[in-house]
Amino acid sequence: MKKSKLRNIISMSLVLGMALVSFSGCGSSKGDKAETIKVGYVGALSGDTAVWGQAGLNGMKLTAKKINAEGGILGKQVEIVSLDGRGQPVDSVNAFNKLADQKDVIAVIGTNFSSCNIAMAPIADSKKIPLIATAASNLRVTVDEQGNLHPYSFRIGFIDPFQGEVLANFASKELKAKTAAVMTDVGSDYSTGLSSYFIESFQKSGGTIVEKATGHSGDNDFRAQLSKIAQKNPDVVLVPWIYKDVALIVNQARELGIKSVFLGGDGWDSKEILTMAGPALEGCYYTSQPSFARPITKPYHDEYVKEFNNLVPETEALFAHDGLYWIKDAAERAGKVDRTALRDQLENTEKFDGLLGSMSVDPKTHNPSKPCSIYQVKNSKFEYVGDFK
């Protein structure tokens, strides 16, 4: 083949190749003519607390299906991208980074663990991706240790100081408790925070803390700590742990003859605790979100059960529902698919009505104003007592 002809073929190939590269790159920049709006979910999809993560993911999928049937967000269909955080800070951070860097999500919903969201918050700020915690209730989910706001971190649930105050006031005013013991999971930001706020509020109401015990989630024997509590015979015992640990603790407590009323936070909020704890929790109380006790949630509950083969939903499904509709509300107020614009509208939310109730956001803390519900374990079921503010 002549050199001149070969040069012409090579030249034409290069031109054609450049044209193909140019064409394939059109519209590939983030958000440019995207066919869908991607929203991430980080939750415990495996491990001991997968019942919550799976409920959150199912709730996201069901809600996305509803939103898409209604026309989507800004005319675009919603796509859910989920990754397993296993309920652990390191795994949750890795999942968040992958969603941010590889999945092109506009925002991320999750988790219900304070320790995980505390770890993810500064990364959300650096990557400028809105992060909406579900039931994570520690103050440092949205502000750092110095009280400085994490501009890209938000939450749907209430905060531990409020939850602790409600529990303490209920114990002193409604249960007429004069003495209390507190058992804390020292490895949990959630447990340590809720314990401290309960102690402060209970003492302000005139109550006395007769024993402070500690342990670690995953321990199998709490009898040494519980024996000290048994000697003090308190009116109430606060156990702000995750439901699996609570079941073990209260069963061992009853074996030791402790007859006190046990109190807990939203870490108790799983139907599995009823089976695991058995009669040991009968007559005890915990705080949580309004959850499926609100009549307005009944249609969503029934849709969930039908969609997922008679699976009864956990409250995390409602967080997923409200979180996704909150993103829709904020994006439509922003009028465009943009992470920063979305952040600004989330911060300026006033009276967003979800299945968990109406909420407005404090722009200085990103905490919502909403009620706290109290439930009693009665006849091996959760019985709604009422909302408290």
Side-chain angles (χ1 to χ4, degrees), residues 112 114 135-143 155-185 188-214 229 232-243 246 249-250 253 258-269 273 281-291 293-294 315 356-360 362 365 367-378 382-389:
N112 58 335
S114 294
S137 50
N138 189 282
L139 282 174
R140 291 192 292 121
V141 167
T142 59
V143 298
R155 75 171 97 229
I156 306 173
F158 45 62
I159 57 176
D160 284 336
F162 175 55
Q163 187 174 195
E165 182 179 354
V166 168
L167 276 168
N169 289 339
F170 183 79
S172 60
K173 295 178 181 179
E174 302 297 329
L175 302 181
K176 308 302 180 185
K178 301 297 182 183
T179 58
V182 177
M183 190 162 179
T184 306
D185 175 6
S188 164
D189 293 315
Y190 161 76
S191 186
T192 55
L194 187 49
S195 293
S196 65
Y197 298 121
F198 173 87
I199 291 169
E200 180 182 355
S201 296
F202 190 71
Q203 290 176 331
K204 282 183 179 180
S205 70
T208 301
I209 304 297
V210 296
E211 184 67 34
K212 297 178 183 178
T214 61
I229 292 175
K232 303 297 177 60
N233 191 30
D235 296 324
V236 296
V237 180
L238 177 72
V239 185
W241 294 51
I242 300 304
Y243 65 93
V246 174
I249 290 169
V250 296
I258 296 176
K259 300 185 183 303
S260 308
V261 175
F262 282 84
L263 305 175
D266 50 350
W268 289 27
D269 199 0
I273 198 174
L281 272 183
E282 186 71 15
C284 298
Y285 299 86
Y286 73 97
T287 50
S288 190
Q289 306 296 325
S291 75
R294 304 183 79 229
T315 304
L356 290 168
S358 180
M359 74 174 193
S360 298
D362 182 349
T365 63
N367 294 325
S369 59
K370 59 191 310 181
C372 176
S373 297
I374 289 183
Y375 301 86
Q376 183 182 28
V377 179
K378 193 171 182 179
F382 294 140
E383 185 171 289
Y384 173 66
V385 176
D387 286 348
F388 297 81
K389 293 185 177 181

Undergrad: Using atom types as modelled, flag every donor-acceptor pair under 3.5 Å from a side chain in residues 235-242 to any protein atom, sequence neighbours excluded.
TA:
| from | atom 1 | to | atom 2 | distance (Å) |
| --- | --- | --- | --- | --- |
| Asp235 | OD2 | Lys178 | N | 2.8 |
| Asp235 | OD2 | Thr179 | N | 3.1 |
| Asp235 | OD2 | Thr179 | OG1 | 3.4 |
| Trp241 | NE1 | Met183 | O | 2.9 |

Undergrad: Does any part of the side chain of Asp269, heavy atoms only, come nearer than 4.5 Å to the side chain of Tyr243, both counted from C-beta?
TA: no
Undergrad: When you measure from the side chain of Ser201 to the backbone N and O of Phe198, does any donor-acceptor pair fall under 3.5 Å?
TA: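 The answer is no, because no donor-acceptor pair under 3.5 Å joins these two groups.
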Undergrad: Measuring from atom CG of Asp160 to atom OG1 of Thr192, what distance do you get when rounded to the nearest 0.5 angstrom?
TA: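 Going from the CG atom of Asp160 to the OG1 atom of Thr192 covers 8.5 Å.
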Undergrad: Is there a donor-acceptor contact under 3.5 Å linking the side chains of Ser114 and Asn138?
TA: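 Ser114 vs Asn138: no donor-acceptor pair found between side chains.
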Undergrad: Do the non-hydrogen side-chain atoms of Thr142 and Ile159 ever get within less than 4.5 Å of each other?
TA: no
Undergrad: Could you tell me whether the side chain of Ser288 reaches within less than 4.5 Å of the side chain of Trp268, counting heavy atoms only?
TA: no
Undergrad: Would you compute the distance between atom CD of Glu174 and atom CZ of Phe388 and round it to the nearest 0.5 angstrom?
TA: 5.5 Å
Undergrad: Distance check, rounded to the nearest 0.5 Å: Thr287 atom OG1 versus Asp387 atom CG?
TA: 12.0 Å
Undergrad: Hey, does Leu139 have a side-chain heavy atom less than 4.5 Å from the side chain of Pro161?
TA: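 Yes, their side chains come closer than 4.5 Å.
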Undergrad: Determine whether a donor-acceptor pair (N or O, by modelled atom type, separation under 3.5 Å) exists between the side chain of Tyr190 and the backbone of Asp266.
TA: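 Yes, Tyr190 side chain to Asp266 backbone: donor-acceptor pair under 3.5 Å.
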Undergrad: Could you tell me the separation between the NZ atom of Lys204 and the CD atom of Glu165, rounded to the nearest 0.5 Å?
TA: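 One gets 8.0 Å once the value is rounded to the nearest 0.5 Å.
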Undergrad: Please find the pair of heavy atoms, one from Gly265 and one from Leu194, that lie closest to each other, and give the distance.
TA: CA-CD2, 3.9 Å
Undergrad: What's the spacing between Leu356 CG and Thr315 OG1 if we round to 0.5 Å?
TA: 8.0 Å
Undergrad: Taking the side chain as every heavy atom from C-beta outward, state whether Gln163 and Val166 have any atom pair closer than 4.5 Å.
TA: no
Undergrad: In Å and rounded to the nearest 0.5 Å, what is the CD to CD1 distance from Glu200 to Ile209?
TA: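 Reported to 0.5 Å precision, the distance equals 11.5 Å.
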Undergrad: So, the side chain of Lys212 versus the backbone of Ser195: is there a donor-acceptor pair under 3.5 Å, distance only?
TA: no
Undergrad: Quick one: does Tyr375's side chain have a donor or acceptor within less than 3.5 Å of a partner on Cys284's backbone?
TA: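 Not confirmed, Tyr375 side chain does not pair with Cys284 backbone.
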Undergrad: Any heavy-atom pair between the side chains of Arg155 and Pro368 that's under 4.5 Å?
TA: yes
Undergrad: Check the angle between the aromatic planes of Phe162 and Phe158 and answer parallel, tilted or perpendicular using the 30° and 60° thresholds.
TA: perpendicular
Undergrad: To check you understand the geometry: which heavy-atom pair defines the closest contact between Val385 and Gln376, and what is its length?
TA: CG2-N, 3.8 Å
Undergrad: Do Pro234 and Ile229 come within less than 4.5 Å of each other through their side chains, counting heavy atoms only?
TA: yes
Undergrad: Using the ring of each side chain (for Trp, its six-membered ring), is Phe382 parallel, tilted or perpendicular to Tyr286, with breaks at 30° and 60°?
TA: perpendicular
Undergrad: What's the shortest heavy-atom distance between Asp189 and Arg140, and which atoms?
TA: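 Minimum heavy-atom separation between Asp189 and Arg140: OD1-NH2, 3.5 Å.
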Undergrad: Checking the side chain of Lys232 only, and the main-chain atoms of Val210 only, is there a donor and an acceptor separated by less than 3.5 Å?
TA: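 Checking the backbone N and O of Val210 against the side chain of Lys232, a donor-acceptor pair under 3.5 Å is found.
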Undergrad: Check the pair Leu175, Tyr285 against side-chain contact (heavy atoms from CB on, under 4.5 Å), reporting the backbone distance first and the verdict last.
TA: CA-CA 10 Å; Leu175 302 181; Tyr285 299 86; 3.7 Å; yes
